[in-house]
Q: 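The structure follows.
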2 protein chains.
Amino acid sequence: MSKETHAVGDIKSPAGPGRPRAFDEAEALEKALCVFWHKGYETASVDDLTKAMGLSRSSFYGTFGNKQALFHKALRHYSRRGLKNLRDVADAGGNDPVGAIMEALANPQGGRDGCMLINCLTELAPHDDEVAALGRQHLESIDEIIARALEPSDPGQVLDKARAYASLAIGTLALRKAGVPDEQISQTLKQARLVISP
Amino acid sequence: MSKETHAVGDIKSPAGPGRPRAFDEAEALEKALCVFWHKGYETASVDDLTKAMGLSRSSFYGTFGNKQALFHKALRHYSRRGLKNLRDVADAGGNDPVGAIMEALANPQGGRDGCMLINCLTELAPHDDEVAALGRQHLESIDEIIARALEPSDPGQVLDKARAYASLAIGTLALRKAGVPDEQISQTLKQARLVISP
DNA sequence: CTAATATTGGACCGATTGGTCCAATAATAT
DNA sequence: ATATTATTGGACCAATCGGTCCAATATTAG
């Protein structure tokens with residue numbers, strides 16, 4: 001169905017002569033990411049995006065295809081980066097890696113905007129299979145990261161426990177959206193330790 | 001700023017003669033609620049709403065004012081009904097009221113659409129103070145309900161514990177959105193018991 | 001030089017958005 | 001009968017939506 005064969009995620013992969021790109025595609029993607037993060041998918045208009053990315057409408061469509069393709073690309077990028085960051089947090093998490101992971105999950109860089117992936121999951125997953133699939137995969141990865149951090153000090157049921165910890169952290173994002181102060185969220189999170197009943 | 005003084009939430013409160021309402025306002029509100037629940041606020045168009053409610057555009061605006069006012073009214077109604085239901089669940093929750101509450105929270109009637117209030121919180125709270133305030137109030141009420149169910153078997157820190165339980169249950173809504181099977185969610189939820197560290 | 005590509009900016013498109021207005025009609029009260 | 005209100009359905013509005021297209025220009029490779 002696609003018009004030509006391209007490199008994954010790219011609309012055009014020029015080879016021959018011609019004027020080179022004047023803007024950095026990665027930077028532009030990052031700017032778009034911020035807009036989607038802050039406003040959500042539907043509410044972010046193409047005008048919003050092009051202005052934030054510093055692109056003309058022509059360059060926008062020529063480079064990224066359309067709004068939805070750009071969005072999916074941005075979301076995949078966000079997921080990849082977020083998981084990498086989470087693994088780093090786990091590795092550097094001292095004597096309480098699980099606590100560190102949960103803090104990172106509950107305090108995304110977006111501040112009150114929360115976690116972009118959870119936002120988009122809420123907005124689009126029931127009507128967009130690709131987003132739902134990416135969301136499932138992202139959440140699974142989070143479970144694995146927590147499980148790995150949990151394993152040394154606890155032999156069994158690490159995956160079930162990890163899932164519960166992940167849900168707990170993700171649940172607090174709703175509180176942040178509602179404007180509950182950071183202190184309370186942090187306190188609730190720090191005090192909660194899970195016990196898995198057999 | 002309002003043109004006249006009206007009963008709370010009503011645009012018109014007729015008293016004198018005239019043709020009576022042919023439709024049930026509560027029923028219409030319920031239909032609108034379902035549309036907002038399923039599609040979200042922005043994506044639900046006035047056409048979607050009027051069709052679902054069985055109203056002409058004129059009756060729609062004449063009765064509910066505008067889309068946003070209708071939405072706020074529906075959301076308040078949803079919150080009220082949900083909290084009442086939750087209290088009933090807690091009362092009828094046998095030997096494990098907290099488990100029953102969490103099941104109810106994690107399995108809202110909307111199925112994969114999840115909890116309307118959490119959805120709307122995610123979509124609108126950062127840009128709509130009224131929604132944020134309603135969300136905060138709703139979440140606080142949930143905390144209180146869980147705390148009350150927790151109290152008999154546990155003296156201290158019931159509120160902190162309740163907050164963690166609530167976040168845990170709410171977090172699983174994201175899993176449901178992503179398409180994680182009910183069984184896994186239910187299992188994760190049942191196995192998780194919380195311990196609050198001092 | 002030429003050919004090829006990028007960039008810009010704006011015109012333009014059809015569709016949809018939330019919302020208003022109106023004329024005709026129907027049902028109620030006094 | 002008259003006044004009042006509800007209801008309908010569609011015309012209509014300005015604004016915005018995502019997306020296409022084009023002409024002009026700039027920058028590269030050969």
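Chain letters run A, B, ... following the sequence lines, proteins first, then strands; residues in each count from 1. Since this is a predicted model, take the numbers as computed values, not measurements.
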Q: Quick one: the side chain of B/Ser56 and the base of D/dG10, do they pair up donor-acceptor inside 3.5 Å?
A: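 Answer is no: no donor-acceptor pair is held.
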Q: So, B/His72 versus B/His77, ring centres under 6.0 angstrom or not?
A: no
Q: For B/Asn66 and C/dT17, give me the distance from atom CG to atom C1', rounded to whole Å.
A: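 After rounding, the reported distance stands at 14 Å.
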Q: Can you figure out which of D/dT20, C/dT7, C/dG18 approaches the side chain of A/Tyr61 most closely?
A: D/dT20
Q: Report yes or no: do B/Glu25 and B/Thr63 form a side-chain donor-acceptor pair below 3.5 Å?
A: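 Absent: no donor and acceptor within the cut-off.
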Q: Pairing donors with acceptors under 3.5 angstrom, does anything connect the side chains of B/Ser45 and B/Asp48?
A: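 Short answer, yes.
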Q: Could you check how far NZ of A/Lys39 sits from P of D/dT16, rounded to whole Å?
A: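 My rounded result for the distance is 12 Å.
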Q: Separation of B/Phe64 atom CZ from D/dT7 atom P, in whole Å?
A: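 Taking CZ of B/Phe64 and P of D/dT7, I get 10 Å after rounding.
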Q: Output the rounded distance in Å from CG (A/Leu49) to C1' (D/dG19).
A: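 So the two atoms are 13 Å apart, to the nearest Å.
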Q: Compare side-chain N and O positions of B/Ser58 against OP1 and OP2 of C/dC21 and report whether any pair is under 4.0 Å apart.
A: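 Negative; the distance criterion is not met.
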Q: Nearest-Å distance, CG (A/Asp24) to C1' (C/dT7)?
A: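 Distance check: A/Asp24 CG to C/dT7 C1' gives 16 Å.
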Q: Distance only, no hydrogens: is a donor on one side chain within 3.5 Å (strictly under) of an acceptor on the other, for A/Glu123 and B/Thr122?
A: no
Q: What's the CE-P distance between B/Met53 and D/dG9, to the nearest Å?
A: 15 Å
Q: Taking atom types as they are modelled, would you say the side chain of A/Arg57 forms a donor-acceptor pair with the base of C/dG10 within the 3.5 Å cutoff?
A: no
Q: Could you tell me the separation between the CG atom of A/Leu55 and the C1' atom of C/dG9, rounded to a whole number of Å?
A: 13 Å
Q: Check the distance between C/dG18's P and B/Glu42's CD and give it to me in whole angstrom.
A: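 Result: 8 Å.
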Q: Would you say the side chain of B/Ser45 and the base of C/dG18 hold a donor-acceptor pair, judged only by whether the two atoms sit under 3.5 Å apart?
A: no
